[in-house]
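Structure provided below as structure tokens; questions to follow.
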Number of protein chains: 2
Amino acid sequence: MKEFEHYIKSYFGIVQEEDLKNIVSFFKLKTIQKGNFLLKPNSVCEKLCFVESGILRTYRTTDTKEITLWISKKGHFSADISSFIFEIVSQWEIQALVDTEVYIITKEDYNKIGALVQKWPEFEKTFTISCFSVLEERVFSHLSMTAEERYESYFQQNKELFNQVPLQYIASFLGMTPETFSRIRKKQLL
Amino acid sequence: MKEFEHYIKSYFGIVQEEDLKNIVSFFKLKTIQKGNFLLKPNSVCEKLCFVESGILRTYRTTDTKEITLWISKKGHFSADISSFIFEIVSQWEIQALVDTEVYIITKEDYNKIGALVQKWPEFEKTFTISCFSVLEERVFSHLSMTAEERYESYFQQNKELFNQVPLQYIASFLGMTPETFSRIRKKQLL
DNA sequence: GTAAATTCTTGATTTTTGTCAAGTAGAAAG
DNA sequence: CTTTCTACTTGACAAAAATCAAGAATTTAC
């Protein structure tokens with residue numbers, strides 16, 4: 001079984017091989033060139049994608065600054081979920097930071113899964129609630145941890161990103177300025 | 001139609017009156033006395049509840065401090081969603097800050113809805129994705145706003161809570177100390 | 001109603017983080 | 001290879017927020 005299939009199985013809580021095969025069959029492997037966009041602001045998110053290799057960044061530009069909401073590496077999903085599901089206009093943009101391979105499913109195909117996979121609503125629920133939990137822990141980290149603790153925690157989990165992603169994006173993702181990030185970094189290296 | 005029903009209709013995206021009646025019929029109105037718990041830590045969340053009146057607080061106690069994740073007022077739902085859905089142990093506790101009327105549905109009854117309401121998976125999805133969006137905006141607020149801006153924004157939306165909820169809980173919810181909260185508060189009043 | 005406990009406020013101080021500005025290093029383009 | 005652009009670092013300083021401690025106000029318990 002491909003690694004991608006393992007991830008799908010786990011994220012969606014799938015048990016039967018046939019269900020897995022059916023779901024996976026809708027995903028198509030594509031390459032996004034560095035700098036290209038998977039989602040443009042003020043449009044509807046029409047693709048849900050799974051990062052097979054490379055890195056995607058989800059961000060929003062405000063009057064004064066750019067906010068990075070997600071940095072998605074191998075094994076992560078990426079999309080504006082509420083835009084994708086409700087077909088409403090998204091405020092976010094998603095860009096490839098390096099050449100990135102993604103398994104993509106379009107909204108059109110996504111809507112077809114239900115007819116093929118009887119338990120799809122259950123799988124979909126597993127997926128969305130898991131996403132919810134990840135976010136909840138992230139809120140908790142902002143309520144309970146300092147910038148330095150968030151740095152340390154993220155660094156431990158994502159070491160490999162620190163020499164691939166412009167550090168200012170990681171800083172924004174963690175809710176601090178590039179300068180603060182740089183100083184914490186220096187401190188940790190000593 | 002009762003106000004409660006309006007909220008259910010809107011949160012779950014229900015169109016047909018019959019679906020609404022069926023879903024609503026599972027919820028029972030109960031009163032939680034001030035100080036009593038809807039969820040105790042290290043237990044599974046077995047109830048999803050809707051606040052009809054009063055206020056609930058969801059929080060977690062760490063080694064050094066107590067973190068308030070949610071303050072739920074009239075019109076809000078309250079539960080540990082992932083614990084409720086996956087039936088896993090919750091890290092959170094939910095306590096009534098004043099005598100609180102809630103419409104409660106047990107997990108047992110919740111599981112019965114599907115048999116009665118054909119479109120239930122669709123409604124459930126609408127509900128969970130909406131919850132996700134709320135959280136996402138909250139993460140965004142921590143990435144993009146100062147403590148003072150978060151205070152101001154929350155105050156504008158929840159003025160009535162400021163003379164009912166111990167302010168230290170609101171401070172924690174907004175990710176700041178009670179002292180900082182108190183000083184911002186003083187500043188705003190001038 | 002009074003005492004006790006809790007919550008809130010305030011001041012003084014320290015720590016953390018942000019801002020501004022300059023300089024350096026590194027990547028991309030020609 | 002050289003130039004240009006961008007990202008990163010560093011220093012000096014300012015602002016924001018946390019901490020500690022004390023006192024005032026409010027709530028709770030008796």
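Here is the naming used below: chain letters follow the sequence lines, and residue numbers restart at 1 for every chain.
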(request) Starting at atom NZ of A/Lys65, determine the distance to atom P of C/dT19, rounded to an integer number of angstrom. (result)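 A/Lys65 atom NZ is separated from C/dT19 atom P by 6 Å.
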(message) What is the separation between atom CG on B/Leu97 and atom C1' on D/dT27, rounded to the nearest whole Å?
(response)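 Checked: the CG to C1' distance equals 14 Å.
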(request) Output the single nucleotide from D/dA7, C/dT17, D/dA17 whose closest atom is nearest the side chain of A/Ala147. (result) C/dT17
(message) Check whether B/Thr100 reaches the backbone of B/Val98 with its side chain - one donor and one acceptor, N or O, closer than 3.5 Å.
(response)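 Between the backbone of B/Val98 and the side chain of B/Thr100 there is a qualifying donor-acceptor contact (under 3.5 Å).
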(request) Report the nucleotide, chosen from C/dC8, C/dG11, D/dG11, that has the shortest atom-to-atom distance to any side-chain atom of B/Lys186. (result)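 From the listed options, C/dG11 comes nearest.
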(request) Give the rounded distance in Å between these two atoms: CE of B/Met145 and P of D/dA16. (result)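 Rounding to the nearest Å, CE of B/Met145 and P of D/dA16 are 15 Å apart.
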(message) For D/dA18 and B/Thr177 - does any side-chain N or O of the residue sit under 4.0 Å from the phosphate oxygens OP1/OP2?
(response) yes
(request) Report the distance from atom CD of B/Glu148 to atom C1' of D/dA15, rounded to the nearest whole Å. (result) 11 Å
(request) Check A/Glu3, A/Glu52, A/Glu101, A/Glu160 against A/Lys74 for a salt bridge (charged side-chain N to carboxylate O under 4.0 Å, His left out) and give me the one that passes. (result) A/Glu3
(request) Check the distance between D/dA15's C1' and A/Met176's CE and give it to me in whole angstrom. (result) 18 Å
(request) Say whether A/Glu5 and A/Tyr103, considering side chains only, have a donor N or O and an acceptor N or O under 3.5 Å apart. (result) no
(request) Would you verify whether the NZ or CZ of B/Lys159 falls within 45 degrees of the ring axis of B/Phe155 while also being under 6.0 Å from that six-membered ring's centre? (result)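 Cation-pi check for B/Lys159 and B/Phe155: passes.
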(request) Using whole Å, report how far CZ of A/Phe162 lies from C1' of D/dA7. (result) 16 Å
(message) Let's see if you can work this out: which of D/dT9, D/dA7, C/dT9 has an atom nearest to the side-chain heavy atoms of A/Arg185?
(response)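 Given the options D/dT9, D/dA7, C/dT9, the side chain of A/Arg185 is closest to D/dT9.
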(request) Considering just the side-chain nitrogens and oxygens of B/Thr180, establish if one lies under 4.0 Å of OP1 or OP2 belonging to D/dA18. (result) yes
(message) Rounded to whole Å, please give me the gap between OH in B/Tyr151 and P in D/dA16.
(response)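 Going from OH in B/Tyr151 over to P in D/dA16 covers 16 Å.
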(request) Check whether any side-chain N or O of B/Ser10 sits under 3.5 Å from a backbone N or O of B/His6 as a donor-acceptor pair, and report yes or no. (result)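 Checked: no pair found.
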(message) Heavy-atom nearest nucleotide on DNA chain D for B/Glu179 versus B/Lys34: which residue maps closer to 5'?
(response)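 Its nearest nucleotide being more 5', the pick is B/Glu179.
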(request) Hey, which sits more toward the 5' end of DNA chain C by its nearest nucleotide, B/Gln168 or B/Arg183? (result)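 So the residue in question is B/Gln168.
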(message) Using whole Å, what does the distance between atom P of nucleotide C/dG18 and atom CZ of A/Phe181 come to?
(response) 13 Å
